[in-house]
Amino acid sequence: MSGGLDRIREAVAEYLSGQGVPAAAAWPAEERLRREGAVAAVTLRACQAGPAGFQSYLGERYNGETERWEELYGRKVTLTFGLDLYALPQAGEAVLQRALDALAQACAGAGPEGLTFQAFSSGETVYDGKERRLRKPAQAVCTAYLYAVAESGGTFLDFEIRGERRQ
């Protein structure tokens, strides 16, 4: 996943949608009025970064395209995503429960590229008066490595997110 944290919510929403869980990182008001079933609203609730190597140095890799060695610097990050489920009150709690089952299954898998799901939790269904919807709070905790590639002269090229794939 290239670009650091700027597209991470969208990547998680795309992954969940691909797993059969309707999800949106940005949920325009017009779509809220038309949506019949449940949808997961993806937010980034927390991001904690810690060292992943001495002075954030992770090592070197050879770039076959440039035929040069590149140094890797980075941090291990723990990301907490809000995956709150919303549905119209007339749809009933059963719609939210089916969506929660699918969401839990999706969060038990390998996750989007670069992210590894570590934990998943959900809470009780409540009526959200502001949104005029039923809401079932849920969240997932993921780990990844946020790293930068530097040329041998020390110039950083790009920030990326990488993780360990779990099958």
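Reckoned from all heavy atoms, side chains included, excluding hydrogens, waters and symmetry mates. Just so it is clear, the structure is predicted and the values come from calculations on it, not from any experiment.
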Next item on the list: Before giving the answer on salt bridge (charged side-chain N to carboxylate O under 4.0 Å, His left out), spell out for Arg68 and Glu60 the whole-Å C-alpha distance, their side-chain angles and the decisive distance to 0.1 Å.
Entry: CA-CA 10 Å; Arg68 297 176 75 177; Glu60 293 182 320; over 6 Å; no
Note to self: Tell me which pairs pass salt bridge (charged side-chain N to carboxylate O under 4.0 Å, His left out) where either residue lies in residues 83-106, with sequence neighbours left out.
What the structure shows: Arg45-Asp84, Asp84-Arg135
Item checked: Trace of the side chain to side chain contact (heavy atoms under 4.5 Å, CB included) decision for Leu134 with Asp128 -> CA-CA 6 Å; Leu134 292 175; Asp128 186 332; over 6 Å; no
Check: Do the non-hydrogen side-chain atoms of Cys107 and Leu83 ever get within less than 4.5 Å of each other?
Finding: yes
Check: How many angstroms lie between CZ in Arg61 and CD in Glu70, if you round to the nearest 0.5 Å?
Finding: 5.0 Å
Scan the side chains in residues 15-24 for donor-acceptor partners under 3.5 Å anywhere in the protein, sequence neighbours excluded, and list what turns up.
unit_1	atom_1	unit_2	atom_2	d
Tyr15	OH	Ala106	O	3.0
Tyr15	OH	Gly111	N	3.4
Ser17	OG	Ala13	O	3.1
Ser17	OG	Ala23	N	3.4

Note to self: Let me confirm one number: the SG-CG distance from Cys142 to Leu79, rounded to the nearest 0.5 Å.
What the structure shows: 6.5 Å
Notebook entry, point to check: Do the side chains of Leu44 and Leu115 join up, straight or via other hydrophobic residues, at under 4.5 Å, putting them in one cluster?
Noted result: yes
Margin query: What's the separation between atom CZ in Phe81 and atom CZ in Phe120, rounded to the nearest 0.5 Å?
Written below: 13.5 Å
Next item on the list: Flag yes if Val95 and Val126 sit in one hydrophobic cluster, no otherwise; membership is Ile, Leu, Val, Met, Phe, Trp, Tyr, and two members link when side-chain heavy atoms are under 4.5 Å apart.
Entry: no
Margin query: Once rounded to the nearest 0.5 Å, what's the spacing between atom NZ of Lys136 and atom OG1 of Thr125?
Written below: 3.0 Å
Next item on the list: For Tyr127, check ring pair (Phe, Tyr, Trp, His ring centres under 6.0 Å) against everything at least two apart and list the hits.
Entry: none
Notebook entry, point to check: Who are the side chain to side chain contact (heavy atoms under 4.5 Å, CB included) partners of Gln105, not counting sequence neighbours?
Noted result: none
Margin query: Holding to side chain to side chain contact (heavy atoms under 4.5 Å, CB included), I want the full list of residues that pass it with Ala99, two or more places apart in sequence or in another chain.
Written below: Ala38, Leu85
Next item on the list: Determine whether the side chains of Thr143 and Gln118 contain a donor N or O and an acceptor N or O closer than 3.5 Å.
Entry: yes
Next item on the list: Could you grab the distance from atom CD of Gln139 to atom CG of Leu103, nearest 0.5 Å is fine?
Entry: 11.5 Å
Item checked: From Cys47 atom SG to Ile8 atom CD1, the distance as rounded to the nearest 0.5 Å -> 7.5 Å
Notebook entry, point to check: Is Glu124 atom CD crowded by more than 12 heavy atoms from other residues, nucleotides or ligands, each under 6.0 Å away?
Noted result: no
